[in-house]
Protein chains: 2
Amino acid sequence: MSIQGQRLVRGADVAHAAGVSVATVSLVLNDRRNVVLSERTRDRVREAARRLGYLPNRVAQSLIQGRTRTMGVVLPSLASSFVARIVDGIGSAATSAGLGLLLAHSRHDPESEDRQLEILLGQRVEGIVIVAGEGTLPTLGRRLDRLQQSATPFVVVDDDTHGHRGDCVVSDDLQGMDLAVAHLASLGHRRIAHLGAGTATSTARARQDGYRAAMTRLRLRVDRDWIAGDAFRSADPAASLMCLLRARRPPTAVVAANDRHLAAALPSLLAAGVQVPRDLSIVGYANYDFASYLGLTSVEQDPELIGAKAFERLRSRIEEGPSKPTRIRMPVRLVLRSSTQPAFLRA
Amino acid sequence: MSIQGQRLVRGADVAHAAGVSVATVSLVLNDRRNVVLSERTRDRVREAARRLGYLPNRVAQSLIQGRTRTMGVVLPSLASSFVARIVDGIGSAATSAGLGLLLAHSRHDPESEDRQLEILLGQRVEGIVIVAGEGTLPTLGRRLDRLQQSATPFVVVDDDTHGHRGDCVVSDDLQGMDLAVAHLASLGHRRIAHLGAGTATSTARARQDGYRAAMTRLRLRVDRDWIAGDAFRSADPAASLMCLLRARRPPTAVVAANDRHLAAALPSLLAAGVQVPRDLSIVGYANYDFASYLGLTSVEQDPELIGAKAFERLRSRIEEGPSKPTRIRMPVRLVLRSSTQPAFLRA
DNA sequence: GCCGTTGACTGAAACGTTTTAGGCAACAGA
DNA sequence: TCTGTTGCCTAAAACGTTTCAGTCAACGGC
């Protein structure tokens, strides 16, 4: 194998230099202690290897050993900091484990994601983490089919639609929504509405379910028109939010399924003369970077931990072989800021 | 090669099913048109391959062809959105080119980065993009030595300290600073100071140089105490900024080397009763997500494009072999927001 | 001097491809 | 019938490792 035409040092070169066979070189460098080798030979080989700058070819190793020590990650894009931080967690875990990480970028395109997946499978990665993306979600099923057909262990992150078919790691949206609603309720709010993020993703649906469950648990009534933006891919969060405020019994607080939606809706809120939190308490979700600058109370996930957990799950799945799929829900926490205040302080 | 103990389909299996030799399978599937094969045989092979779900083993392909069709990326962490977006650009380009991307995560640790680099080299990646990180910068040189010794093409991103030894892609900090200073000057500001980001990174130094150059070009005097935070890794941007305001001739505007530093310093500015932009116009650098929420005028880079460019450079370096290193500076643009106003409007 | 044992190393197969020289029919022309 | 020629396909080597059965010398015991 060569790079730039220049032939790289092979085991045979080291063997020649040390006056031994290639087998011996391999034995020495992999420190196989069960086979007897004299200290003198070991030293000679190590010295020759060092002198020649010998680095064993992992491609050949993979081929003969039947394992690549590499994991694959499929993702739509790294533009979202949530995804990037998940991959950060995966990468960090991979580094600790001494495993390689092969990235497959679908750019939100299902066809492209299929192709990238084939590359990963061709490369014989030992396991695959799929980070769900809205654009590629509808066809996720066929890729899982492909993975199961090829018997490659996988874990899906940030979507549990296919949780019955394989492992997945998601953040605990029910808990998150419960924290958010309970916080508002503890401030005396009773009329709490939900600004959803559509029903296209399992997270968006889970958050909506979580909102309902929390309201029920706290014995708070949910008006029919208190759930906004539940259309497929709610186009305009601002319009949805303004719609909420024109409800028959207008809410005094809103929990959103996503910081971004909320942030996008803020300007029109202010334009309509609605002051936060005086007239309306709001709670976001995801705790994006900008939430702290907006003073937005938000449910915080831990993407790095989600990634690390997914990696860990994948490793034990590889070790232990097929078994019942597990659905892992990672805990979240509520970060209090200035966008919420007691209901009795309202104007 | 097997995954989960289950033997995968090999070319030999397809050959057997189609009643031909392995050679023929390879010839058909790679569509070698220079060798004559009957249409009937081609169809039989393709059909058998499809039926058995045959996916050629890229590991074996790499070994025999002497090329892996894979690039490596070395980075400190994906927690920074700037780095994540650069990697996004690289990944997107790799996807287009049909190349694999192997990620090496150093977690800001030089030793770890060395180890990861060895993994990439062992894997025989065809080229490596190194995304510079402050923690691993001091020892970057020895890694470049290693790369040159192994004759692996590389490109360094976001640092040009070693620009004489190899290709690098950075954003044009001189231009960025010139834009920022010129904008303030056009608003009538004459006393413009610089909040630096230390001198540890070549970007921080370049921005400081850019500030000086711009001031000189516009024939504006720079007071000795107008450059703050130029100590190694300026610990406290807030203190540095307040220090600037206590200068003998206090500036009416500040250009920062980094949005983050500026954002971190804002609270103490407000606490001191300094209003932006009434008392002080400020310009940031990097245009982070939060800049728009702060209404911060900022110099915007294009990390995705930087990544794409680095990838492209690497590819042509691989094609064309060794030649003079090139230092690529990517253009930036100024995003105007509400943190700057004409000097004559000052209180 | 013969036999068994131990210690030190090696030969060769194997992994799954690609590549190229060449084999072998079939057929045409002499 | 012999001799090319053409069309189609294959055998075998090669890539750079790892692994294990096996070789070979030295040595000790009798």
Side-chain angles (χ1 to χ4, degrees), chain A residues 1-3 5 7-46 48-49 52-69 121-124 126 150, chain B residues 1-3 5 7-46 48-49 52-69 121-124 126 150:
Chain A
M1 185 153 305
S2 72
I3 288 185
R7 170 171 228 89
L8 291 186
V9 179
R10 297 160 307 157
D13 302 321
V14 177
H16 183 78
V20 296
S21 70
V22 265
T24 306
V25 172
S26 169
L27 260 20
V28 170
L29 296 184
N30 291 335
D31 214 23
R32 286 261 167 287
R33 301 253 49 149
N34 50 333
V35 37
V36 271
L37 286 175
S38 73
E39 228 18 82
R40 207 174 68 87
T41 304
R42 288 183 192 277
D43 287 346
R44 277 222 315 283
V45 170
R46 277 195 273 257
L52 298 179
Y54 173 59
L55 189 61
N57 186 330
R58 278 175 60 111
V59 175
Q61 288 179 328
S62 297
L63 185 60
I64 188 67
Q65 294 178 333
R67 52 169 311 193
T68 52
R69 291 164 202 280
L121 291 178
Q123 199 75 254
R124 301 294 190 263
E126 297 183 20
S150 74
Chain B
M1 184 150 308
S2 73
I3 288 184
R7 170 172 228 91
L8 290 186
V9 180
R10 297 159 308 156
D13 302 322
V14 177
H16 182 77
V20 296
S21 71
V22 266
T24 307
V25 172
S26 170
L27 259 20
V28 171
L29 296 183
N30 291 333
D31 213 23
R32 286 261 167 287
R33 300 253 53 146
N34 50 332
V35 35
V36 270
L37 286 175
S38 72
E39 227 19 81
R40 208 175 67 86
T41 304
R42 289 184 191 275
D43 287 346
R44 277 223 314 283
V45 170
R46 278 196 272 257
L52 298 179
Y54 173 59
L55 188 62
N57 186 332
R58 279 175 61 110
V59 175
Q61 287 179 328
S62 298
L63 186 59
I64 189 66
Q65 294 178 334
R67 52 169 310 195
T68 53
R69 291 162 203 281
L121 292 177
Q123 200 74 253
R124 301 295 189 264
E126 297 183 22
S150 74

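Below, chain A is the first sequence line, B the second, and so on; all start at residue 1.
- Considering only the side chain of B:Arg10, C:dG16 comes nearest among C:dT20, D:dC8, C:dG16.
- Following rounding to the nearest Å, B:Asn30 (CG) and C:dT19 (P) show an atom-to-atom distance of 7 Å.
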Polar-atom pairs under 3.5 Å, protein N or O versus N or O of nucleotides 21-23 of chain D: list them with distances, or write none.
none

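- Which of D:dT17, D:dC9, C:dT19 sits closest to the side chain of A:Ala60 comes down to D:dT17.
- Of the possible donor and acceptor atoms, one in the side chain of A:Asn57 sits under 3.5 Å from a partner among the backbone N and O of A:Val59.
- Across B:Leu55 and A:Arg124, no two heavy atoms sit closer than the pair O-NH2, 2.8 Å.
- Ion pair B:Arg40/B:Asp43 not flagged as a salt bridge, since none of the NZ, NE, NH1 or NH2 atoms sits closer than 4.0 Å to an Asp/Glu carboxylate oxygen.
- Taking every side-chain heavy atom of A:Ala23 into account, C:dT10 is the closest of D:dG16, D:dC9, C:dT10.
- Residues B:Gln123 and B:Thr68 form no side-chain contact, since every pair of their non-hydrogen atoms from C-beta on lies 4.5 Å or further apart.
- In this structure, A:Ser150 and A:Leu121 approach most closely via the heavy-atom pair OG-CD2, 3.7 Å.
- Rounded to a whole Å, the CD atom of B:Gln61 is 17 Å from the P atom of D:dG16.
- Distances were taken from every side-chain heavy atom of A:Thr24 (C-beta onward) to each of C:dT10, D:dC9, C:dG16; the shortest belongs to C:dT10.
- Distance from the side chain of A:Ser38 is smallest for C:dA8 among the nucleotides C:dT17, D:dA11, C:dA8.
- Considering only side-chain atoms of A:Ile64, the nucleotide from C:dT17, D:dT19, C:dC15 that sits closest is C:dC15.
- Checked against C:dT10, D:dT18, C:dT18, the side chain of B:Ser26 finds its nearest nucleotide in C:dT18.
- Two residues are said to be in side-chain contact when any heavy atoms from C-beta on lie closer than 4.5 Å; A:Arg46 and A:Val28 meet this criterion.
- The distance from atom CG of B:Leu29 to atom P of C:dT18 is 8 Å, rounded to the nearest whole Å.
- OP1 or OP2 of D:dC9 has at least one side-chain nitrogen or oxygen of B:Thr41 nearer than 4.0 Å.
- Between A:Gln61 and A:Pro56 there is a side-chain heavy-atom pair separated by less than 4.5 Å.
- Backbone-only engagement by B:Val20 is indicated by non-hydrogen atom pairs under 4.0 Å involving sugar-phosphate atoms exclusively.
- DNA chain C is contacted by both A:Val22 and B:Pro56; A:Val22 maps to the nucleotide lying nearer its 5′ end (nearest heavy atom per residue).
- Taking atom CD of residue B:Gln65 and atom C1' of nucleotide C:dT20, one finds them 15 Å apart after rounding to whole Å.
- One interatomic measurement links the two molecules: CG of B:Asn34 to P of D:dG7, which rounds to 14 Å at whole-angstrom precision.
- Between the CG atom of A:Leu8 and the P atom of D:dC15 there is a distance of 13 Å, given to the nearest Å.
- Put simply, B:Ser21 has no side-chain N or O that comes within less than 4.0 Å of OP1 or OP2 on D:dA11.
- Counting to the nearest Å, the P atom of D:dC15 and the CZ atom of B:Arg67 are 18 Å from each other.
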